A.B. asks: 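Sharing a structure below in C-alpha cells format, with a few things to ask.
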Amino acid sequence: MTGEDKQIIYRLLRTASQNVYGYTVPSFQNEEFKEDTSAAAGNTAIQRAPVQSSSVHQNTVPVQNPVSKPVSPVSVPTPKPVQAGGMSMGDIILKIARCTKCSLARTRANVVPGVGSRNPEVMVIGDAPSPDENNSGLSFMGAAGQLMDRMLAAIKLSRDSNCFLTNVVKCAAPQNRDPYPEETEACFGFIEAQIKCLKPKAILCAGRVAAVTLLKNNQNVNLSLPVDQLHGQFYEYNGIPVFVTWNPAEVLKNQDLKRPVWDDLKTFAAKLKEVSPSYASLFEQA
Ligand code: SF4
C-alpha cells in the first residue's frame, strides 16, 4: 500500500467518524496520522478507527473523493479482508475512488461503489447511479432505492444482511442518461472484480444496461432485446445464475410493471432456494 493509499483511507475513516459519530475522535487528528506514515503505523491508525455499520448502508459512509476533491461518498474498506485473486474489496473501492478511465470521472459528484453485505447471497446490479446516488455516493437511493428495498424484503433479501447492491458503472452519467458502451466497457473490470470478491450465489440484474453488460459474452443471449423479453429467465455468468428484471426506477414510471416484477422475484427466489441452503433455511424458520 502506498503512502497515497494510506492518505485516502485516512480521509475515508476521518469522514466516516464525522458522519457516523458526529465528531472527530482525537486519534484521527492529521498530525497524528502524519507521524504514522510508515506501513506499520499506517495500519495501526486504520485499526484504531473501526467504522460501525449498523445502518441500512452497511460498511458505507460518505467520504472525500480523492479524485475530484469535493466531498465524495464511497464504501469504507472493512477491517475484515475479502480476497478475490489477491484483490480485496478495500482494494477495489480504492481503485474506483481514484478511477479516471472514462469521461464520467469528470462529471460525477461522487463515485458509487456499492452498499450491502460483504458476504451476500445475492448481488443486485443496476444500470448506473441515479442523481440521488450521485449526490450521496450510495447505491439504490431515493424512491427507486426504497422500492428496491421493499422488493428485496418481499423475498427475504436485504442490503443489511444478505445482499450487495451496485451498478455496472460506478459514476453517474450527465442528465441521468444511460451509460455509453465505451463507459460500461471501461468500468467492466470493477464489476468483474466485485463478483469475484463477493462470490454471490445468484445475480439479479435490474435493468437492460446491467443485463447486456454482464451477459455480453454469453452467445445464447440476444442482447438487442428489451427487458420485457430478457426478463423472467436465467442466464449464467461464470457459473453464477443471472436473472433479469426491470429497474425499480422503471417500475415507478410504469405501475403496470409491478405484477411482472413480482412474478420475476418469486421465480428468482425459487432458484435461489435451490442453490443456497442458507437462503432456503430463512423460509423454514418463518
Ligand atoms: Fe472509472 Fe467506472 Fe467511473 Fe468510468 S464510470 S470513471 S470507468 S469508475
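Every value quoted in this text rests on a predicted model; they were computed, and no experiment measured them. Counting starts at 1 for both ligands and their atoms, in listed order.
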A.B. asks: So, S224 and N222: side-chain donor and acceptor under 3.5 Å apart, yes or no?
C.D. replies: yes
A.B. asks: Relative to the heavy atoms of R108, which atoms of ligand 1 are at a distance of less than 4.0 Å?
C.D. replies: 3 (Fe), 6 (S)
A.B. asks: Can you list the residues that meet the ring-ring contact (aromatic ring centres under 6.0 Å, His included) rule with F234, with sequence neighbours excluded?
C.D. replies: F243
A.B. asks: Atom 2 (Fe) of ligand 1: which protein N, O or S atoms are under 2.8 Å away?
C.D. replies: C187 SG
A.B. asks: Distance alone, cut at 3.5 Å: any donor-acceptor contact between the side chains of E133 and N167?
C.D. replies: yes
A.B. asks: Got a sec, which residues hit ring-ring contact (aromatic ring centres under 6.0 Å, His included) with Y279, two or more places apart in sequence or on another chain?
C.D. replies: F283
A.B. asks: How about K266: does its NZ atom have over 12 heavy atoms from other parts shown lying under 6.0 Å from it?
C.D. replies: yes
A.B. asks: Of all residues at least two apart in sequence or in a different chain, which pass the side-chain hydrogen bond (donor to acceptor under 3.5 Å, both in side chains) check with Q255?
C.D. replies: K258
